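Since the structure is predicted, the reported quantities are computational estimates derived from the model, not experimental observations. Order of appearance sets the numbers: ligands from 1, and atoms from 1 within every ligand.
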Amino acid sequence: MTEKDDRNMFSEEQPQPFLPPKDFKENALIKDDKPYVEAEKDSLGFWAKKAESLQWINKWEQVLDDSNPPYFKWFVNGKLNVSANCLDRHVENGLADKEAIIFEGEKGDSVILTYRELLAEVSKFCNVLQGLGVSRGDTVTIWMPMIPEAVVAMLACTRIGAVHSVVFGGFSPDALKDRILDSKSKLLVTADGANRKGKVLPMKGLAEEALEDCPSIEKVVVVERAARDYELKDGRDFRWTDLMEDADENFSPAEMDAEDPLFILYSSGTTGKPKGILHTTAGYLVGVNTTHRYVFDHRKADIYWCTADIGWITGHSYIVYGPLSNGSTVFMYEGTPDYPGRNRFWELIEKYKVTVFYTAPTAIRSFMRWGTQFPEGHDLSSLRLLGSVGEPINPEAWLWYHEHIGKNRCPIVDTWWQTETGMIMLTPLPGVTPLKPGSVTNPFPGIEADVVDDRGEPTEPGQRGFLVIKSPWPAMLRTLYEDHERYEHTYWKQYPGIYFTGDGAWKDSDGYLWIMGRVDDVLNVSGHRIGTMEVESALVDHKSVAEAAVIGKVHEIKGHSITAFVTLKEGVDGNEELLNELKSHVGKKIGAIARPEEIFFTLELPKTRSGKIMRRLLRDIAEQRDLGDVTTLMDPQVVAAIKDGYTEK
Ligand code: WTA
């Protein structure tokens, strides 16, 4: 990590940065560097002031307790309720009839919930949960399509004091089962089916496969979404509508401690087992509330659309808790950008007059490939601000987004953060920061980030290194659910006292940050985190597989695609049929997003003398690069054999 990287260095020959447009700046919430200066002087004072914009039952006694690192506490002894902050206070403050959620289904059906209506739904579902035996501290798993009921279920958990664990709807029943078992959930909220590109994914039927081995689940609530035949198990399963029909519209929000767990969200790491990232109440809410307001320049009349799924952290923080705690109007869409046509998103922006649009580079690269005729056919003049998240955005995609979607009028906020950070950490402020396409620019006020070398020393401009966060921040994860050791090991051992992000990065001579992607064994496929070991475990779980190594190959649209090298057990024939079977097996164990794009059968895998699989080498083979130094290999012959096999394909 000592090589210089001058490709994007800012110099006389390089394009000038994009300044915030004049009229954007004039109307922006933040127009100058005041928050940076304020936070620089006194970051705890800065966060305390931000916390004051929330509604507290009891104010905190201490902003940060850092006496027992890496276990930090924020807003010590403060009492509050998240749903009261997202709903009740808006209803009380004149926003009762403001639209909280505008939803459109894949088939064009639409639902609008005002803040008053959303509060009523959430309160009703609290009574339902209570009636089904859920109480404070219990865990509820939510496995649902992108429909308003998912948001209702999440907010109801926070109101009652239950911990939610939302599992991405695209994960397989096996993955759902692992997450239910790990979190010991008592209740599952799911749907009969999900609309997926004109077809129906039979969610309840699939959930049943998971539930066979999930003894902790006592009750299941089923939302009827896709009019699909499904079975209800007597005494265990209930229809959402049946339960909600008679439920009372009032439910008093529980008084929660600042550090009470709010949710668990499983994310891929470097072992086969996903990490249960645990977020707590007050710090998380302060973090997402403040970042949503500043980064998206929150204005009362906004129609704000974040295209993420609520099963990911982006959905949690920037569909649900950030925007709703700011009293924003959230647009929510059930489907994909290419169904029924490749103009679907632009049609929705035109129809609902979306003002702020937040999506992922992978989607932008697909839009680019599909061509400008799709956005050009629609009136996108309502847009005023664009965002990007999930993976590095290449300058070309950035410029395309800026020109063809933002019409050279809308700033782009490229936001870097993680499931672990809970909130946006590196980002421009759209009314302040000059933008360089491809750079996440600077840390958010109050965030202390840097790029360091192997020894933890700050790198020089242009020098690659590791991205670290040098001091605690309010929305940070508190631990990994029931696995403190892994928490300490993964994030705090690399550089004692400093949070290790797992990302490579560099600074340019203006101090701008450029993210290079993961430096650990985690892949970023279409903005989704997938652990190489997770896919490897799924492969070796198959009866024919002896050993597997998984790597990410650079992919034009997805960022990375999954390539697997597999050695088979003695006597097994590596044919086409088995190849497809293995792909399906991974799909079944994890979900379609983890299905390898390519699988190669090899006689052996290249290993170091200590027995570690050399993934770097496999990556080079897959990308057909020069092999470099292979002398530490146990059997250099293996490489030649793999390479020959690979190029033959
Ligand atoms: C990557 C998603 C470059 C990064 C919010 C990080 C990014 C991982 C960006 C976290 C960005 C996220 N530029 N890379 N703007 N945003 N990443 O937990 O590698 O799903 O570590 O959280 O995505 O993924 P996660």
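- In this model, a donor atom of one side chain and an acceptor atom of the other lie less than 3.5 Å apart for Trp416 and Asp503.
- With a heavy-atom cut-off of 4.0 Å, Thr419 touches ligand 1 through backbone and side chain alike.
- Against a heavy-atom cut-off of under 4.0 Å, Arg529 is close to the following atoms of ligand 1: 10 (C), 18 (O), 20 (O), 24 (O), 25 (P).
- Of the residues Asp297, Ile412, Thr355, the one that meets the side chain to side chain contact (heavy atoms under 4.5 Å, CB included) test with Leu385 is Asp297.
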Next on the checklist: One pair to check against side chain to side chain contact (heavy atoms under 4.5 Å, CB included): Ile364 and Trp400. What are the steps and the verdict?
Outcome noted: CA-CA 8 Å; Ile364 299 166; Trp400 187 93; 4.2 Å; yes
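- Nearest non-hydrogen protein atom to atom 10 (C) of ligand 1 is Trp417 O, 3.6 Å.
- Judged by the shortest distance from any of its heavy atoms, Trp312 lies outside the 4.0 Å radius around the atoms of ligand 1.
- Against a heavy-atom cut-off of under 4.0 Å, Ile313 is close to the following atoms of ligand 1: 5 (C), 22 (O).
- The nearest protein atom to atom 13 (N) of ligand 1, hydrogens excluded, is given as Glu391 O, 3.3 Å; this is a heavy-atom distance.
- None of Glu623, Glu597, Glu598 except one satisfies the salt bridge (Lys or Arg N to Asp or Glu O under 4.0 Å) rule with Lys553; the exception is Glu598.
- For atom 21 (O) of ligand 1, the nearest protein heavy atom (residue, atom name, distance) is Arg518 NH1, 2.8 Å.
- Relative ring orientation between Tyr321 and His164 is described as parallel, the plane-to-plane angle staying below 30° on a 0-90° scale split at 30° and 60°.
- For ligand 1 and Asn524, the ligand atoms under 4.0 Å from any heavy atom of the residue are 1 (C), 23 (O).
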Item to check | Test log, rule side-chain hydrogen bond (donor to acceptor under 3.5 Å, both in side chains), inputs Tyr401 and Glu396 | outcome: CA-CA 9 Å; Tyr401 194 31; Glu396 195 194 351; over 6 Å; no
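- For Ser471 and Tyr499, the side-chain atoms include no donor-acceptor pair closer than 3.5 Å.
- Contact atoms of ligand 1 toward Val389: 5 (C) (distance under 4.0 Å to a heavy atom of the residue).
- Looking from atom 6 (C) of ligand 1 to the surrounding protein, the closest heavy atom is Asp503 OD2, 3.5 Å.
- The distance from ligand 1 to the heavy atoms of Thr415 drops below 4.0 Å at these ligand atoms: 9 (C), 11 (C), 15 (N), 16 (N).
- Residue contact check for ligand 1: Gly390 places a non-hydrogen atom closer than 4.0 Å to it.
- Residues meeting the ring pair (Phe, Tyr, Trp, His ring centres under 6.0 Å) test with Tyr333, sequence neighbours left out: none.
- Close N/O approach between Thr314 and ligand 1 is not found [any backbone or side-chain N/O within under 3.5 Å].
- Judged by distance alone, with hydrogens and angles left aside, the side-chain atoms of Thr281 form a donor-acceptor pair with the main-chain N or O of Asp260 at under 3.5 Å.
- The contact set between ligand 1 and Asp414, taken as ligand atoms under 4.0 Å from a residue heavy atom, comprises 11 (C), 15 (N).
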